[in-house]
Amino acid sequence: MSPHPLPLTPEARPARALVDRHARAATRVPAPQPTMEADPREPVTRLLRDLRSGEDGLSATEAARRLVTVGPNELPTIARQPWWSELIAQVVHPLALLLWVAALLAAVSGSPQLAVAIVVVVLLNAGFAYWQESQAERAVEALRGYLPDVVLTWRDGHHAHVPARELVPGDLVALEEGQRVPADVRLITGALEVDTAALTGESFPVARSADAVDDASRLLDSPVLVFSGSACTAGSATAVVYATGAHTELGRIAALSQGVREESSPLERQVRRVAWLIAAVAVGVGAAFLPIGLLAGLSLSAAAVFAIGLLVANVPEGLLPTITLALAAGVRQMAARGAVVKRLSAVETLGSTTVICTDKTGTLTANRMTVVAVALEDDLSHEAPASRAAAEVLVRCSTADVEDGDGDPTELALLGWARDNGVVLPPAARDTERWALHRFEARYRRMTTLDRIDGRVVASVKGAPEQVLPRCTAALSPGGDVVPLDEPLLGRLEDTAARLAGHGLRVLAVARRDLGLEQAGTTPPDRETTDQQLCLIGLVGLEDPPRPRVAEAVAACHAAGIRIHVVTGDHGSTAAEIARRVGIRADRVVDGQVVDGLPEAGLAELLSGGDEIVFARATPETKLRIADALHRLGEVVAMTGDGVNDAPALRRADIGVAMGASGTDVAREAATVVLTDDDFSTLTAGVEEGRRVFDNVRKFVLYIFAHAIPEIVPFLVFALSGGAIPLPLTVLQILAIDLGTETLPALALGREPAEPGLMARPPRPHGEGVITRRLLARAWGVMGLLSAALVMGGFLAVLLHAGWRPGDDVGASSTLHTAYLQATTATFVGIVACQLGTAIASRTEWASLRAVGLTSNRLLLYAMAGELLFTAVVVYWPPAQRVFGTAALPPWVLLALLPFPFLVWGLDEALRARRRSSHRRSAPTSP
């Protein structure tokens, strides 16, 4: 025997002796070096033989050799591409290429400042995208935090503290309460209660015992295995390591997290399409005007510069920064409401969500045990007064400290309930009166304490009803009397326990026994002697309750047309009960093993219906398959979670949402949105914010597109008239519009408040982009055409008032030159005036201006004032006049331009009112 064996309980020694005998026999026979393919569920003797281990564990030499062979007990990382390669990839994608072309053309056309600004925009966006690519590696770094630093193991016949990273298959390790499991292990002796919520989603700690019968259908449910990253909440055991590093369950999850790459968000895809559309229009217009300029009598060089300048003017250089700033504003708004967004486009993705796949533990529920029911005899009531006798037993039968929050979560919940009902026993007084403690062990599934109280010895017991009830001979009635526990009463109590469990509760039986005075001063009896002839005090039901505002948030999601599935590692009955209590329909409950056995077509058929489904006992692979299937069905999926096991699915979903307060670092690193308050209702707020941001992107795209027509029509009139009508607008004046007057209102529209009824409409159809036919009709067919007609009318009115006739010379030497400068200035100011009307009209897609309020977006009012100030500088400041070819306007021209904003806004407002009226007439009336 080892001179310093790991401590074993008396019950464990016979099993240990059996293991030792078989292990010694195995070590006498030469065998191949250990393989990583050993079956951890095979008999212990065979597993030890396969792992070439024995009673003394491994020698230091053998452990060092295996460490070289299998590698350290660490989670692997995927080799990343060189930083410069990833950075280059970010500056050659389609939108970046368009901006590079715009910068080049701006430089060629004599606008170096514009070229520099565009290059800065490209580089800043590339740097931000490059930073996003490091999220997977940080998620794996967080996973490493789930491994302990040092482990107690055997080496060379002595037990020693070894760094967890040096553990190898075949090592024997000691596990006890409060320790985190360092690797995947098979229990050899002893028993544990293990918190596996971070790995499996189980609400309650699970029992694991070396002598349990392993009839589980999946590895994670095996009663003899404990997995890396789990936390031991009770008991002690000796175990043999069978998997380390990448071969553990934690390593498998890490590999899944690294293997899942984020796809472009819906907005990113839409912006890319808009970029190509704008590029096509800009290049097409520039190419078309080159021959038109030649036909109008311009020289080749002048026509080329003219076409390049027109092309640059039609590329909205401020589009990407405006979108970025709108998203950044959304990020700030969400942060104020309790959500941290790590990827700007995630704001809009939330608004596009059609399906939410939510975890249960820690997401729908508080991940905090609470006593919700106490039953005495067969009386069950969630509202009944607490039993003082049950509270007195529970404060004795505990090792936790409720004031400091130290101890098992279940015990803390029980002590908190006792305190709330007036029973408090300080830990110091409790431990002073304690005579003996039989800790909870998975094999017994109960805990017992012996206490000296007023000269008598009292046993306090709590545990699983099926373990405690058969040991009771009496019970406490609701009236406080002790009655015999006969068969009828026992049957009613068993039915009560079953009903409590059916409500998704964890049920404990509470009992006590007065051992009398004769036991004082003697050796404490063992638990088998103590745990007999007990008096049942009652049954206690605990649950992980729903979060307070979850039901309200679920109702809001349903109103917004969003379906909610529950995907959890917990039991189906528990998950379905919680789901229904918060308003999720839970039309079907499907076990994870059933999902794993479905072909892709079968899973797609299951998810394509209108049901809200509870997926129970789901593994990380199951969650990934569900996310993939929904993605293929065209859904935009938001996946919530807080555990290590949620990380791969959080990365695969369109939007991963993690809990910030109670969630694991792994989940937070894998997600793109972190709820700092762990409140599911914050997710609903995120959906609303995302919808608002997308609407606002549409609004300033509408605003920008509406000015393309009045900028292009003057060139068409000039070209089609063969130069008889002089050019109503210069290229520099177009640049002053696109980069000066247009920018501030576009940015302000990105801060527009949400329209009424935003969360009462269904998600927008899949594939519907930022630009729609209705948007183009409003921008080009309504506001654009009216603006073009108005500004051309203003231009011609100024010329005609000065005596101009078609074909007259308006050159610098002509007497009409001053009138021509005033006419082009009138065109410029007319477009600005129309921009004011367009900005007001673009604030709503459906509602009236009265519904949203004229002053609800004060930033837009300030931006419009800034636009007018910039226009006044361009028109009336002499240096600016020389640069942009403008001239001061007579008062009558300003008066003529004054109605332009009201005409543009008024026409659009009238058409929107007509749409609302038509919708009301076509809507079905209630009978």
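In what follows, residues are counted from 1 in the order of the sequence shown.
Residues His503 and Val372 have side chains not in contact (no heavy-atom distance under 4.5 Å, counting atoms from C-beta outward). Contact check for Asn421 versus Val423: no side-chain heavy atoms found under the 4.5 Å cut-off. Residues Val657 and Leu675 have side chains in contact (heavy-atom distance under 4.5 Å, counting atoms from C-beta outward). No side-chain heavy atom of Leu414 sits less than 4.5 Å from a side-chain heavy atom of Ser398. The side-chain heavy atoms of Trp417 and Leu542, taken from C-beta on, include no pair separated by under 4.5 Å. No side-chain heavy atom of Arg652 sits less than 4.5 Å from a side-chain heavy atom of Arg625.
Between the side chain of Ser230 and the main chain of Phe227, a donor-acceptor pair closer than 3.5 Å is present. Distance alone, capped at 3.5 Å, is enough to place a donor-acceptor pair between the Thr640 side chain and the Asp359 backbone. Proximity of a side-chain donor or acceptor of Thr353 to a complementary backbone N or O of Val355 within less than 3.5 Å is not detected. Without hydrogens or angle criteria, Arg208 side chain to Val226 main chain gives no donor-acceptor distance under 3.5 Å.
Looking at every heavy atom in both residues, Ala413 comes nearest to Val371 through O-CG2, 4.0 Å. Across Lys623 and Val567, no two heavy atoms sit closer than the pair CG-CG1, 3.4 Å. The minimum heavy-atom distance between Leu508 and Ala464, with the atom names listed, is CD2-N, 4.5 Å.
Taking the charged nitrogens against the carboxylate oxygens, Glu392 and Arg396 have no contact shorter than 4.0 Å, which rules out a salt bridge. With respect to Arg499 and Glu494, no salt bridge is recorded, no charged nitrogen being found less than 4.0 Å from a carboxylate O. Looking at Arg585 and Asp611, no side-chain N of the basic residue comes within less than 4.0 Å of a carboxylate O on the acidic one, giving no salt bridge. Between Arg588 and Glu612 no salt bridge is recorded (no basic side-chain N to carboxylate O distance below 4.0 Å).
In this structure, a donor-acceptor pair under 3.5 Å is absent between the side chains of Arg547 and Thr365. One side chain, Thr622 or Asp596, offers a donor N or O that lies under 3.5 Å from an acceptor on the other. When only modelled atom types and interatomic distance are considered, Arg506 and Thr410 share a side-chain donor-acceptor pair under 3.5 Å.
Only one option out of Val510, Ile537, Leu536 pairs with Leu476 in a side chain to side chain contact (heavy atoms under 4.5 Å, CB included); it is Ile537. Here the options are Leu607, Val636, Asp654, the test is side chain to side chain contact (heavy atoms under 4.5 Å, CB included), and the partner is Leu630; only Leu607 passes. Among the candidates Gln467, Glu466, Glu193, the single residue satisfying the side-chain hydrogen bond (donor to acceptor under 3.5 Å, both in side chains) test with Arg445 is Glu466.
Contacts of Asp591 classified as salt bridge (Lys or Arg N to Asp or Glu O under 4.0 Å), with partners at least two apart in sequence or in another chain: none. Residues passing the side-chain contact (heavy atoms from CB on, under 4.5 Å) test with Glu688 are Arg337, Leu758, Met759, sequence neighbours excluded. Judged as a side-chain contact (heavy atoms from CB on, under 4.5 Å), and not counting sequence neighbours, the contacts of Pro763 are Thr354, Ile562, Arg691. Under the rule for a salt bridge (Lys or Arg N to Asp or Glu O under 4.0 Å), Glu577 has no partner lying at least two apart in sequence or in another chain. Every residue meeting the side-chain contact (heavy atoms from CB on, under 4.5 Å) condition with Arg439, not counting sequence neighbours, appears here in chain and number order: Glu177, Thr399, Leu437. Every residue meeting the salt bridge (Lys or Arg N to Asp or Glu O under 4.0 Å) condition with Glu403, not counting sequence neighbours, appears here in chain and number order: Arg419.
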Could you walk me through whether Leu394 and Leu415 pass side chain to side chain contact (heavy atoms under 4.5 Å, CB included), step by step?
-> CA-CA 7 Å; Leu394 291 173; Leu415 291 178; 5.5 Å; no

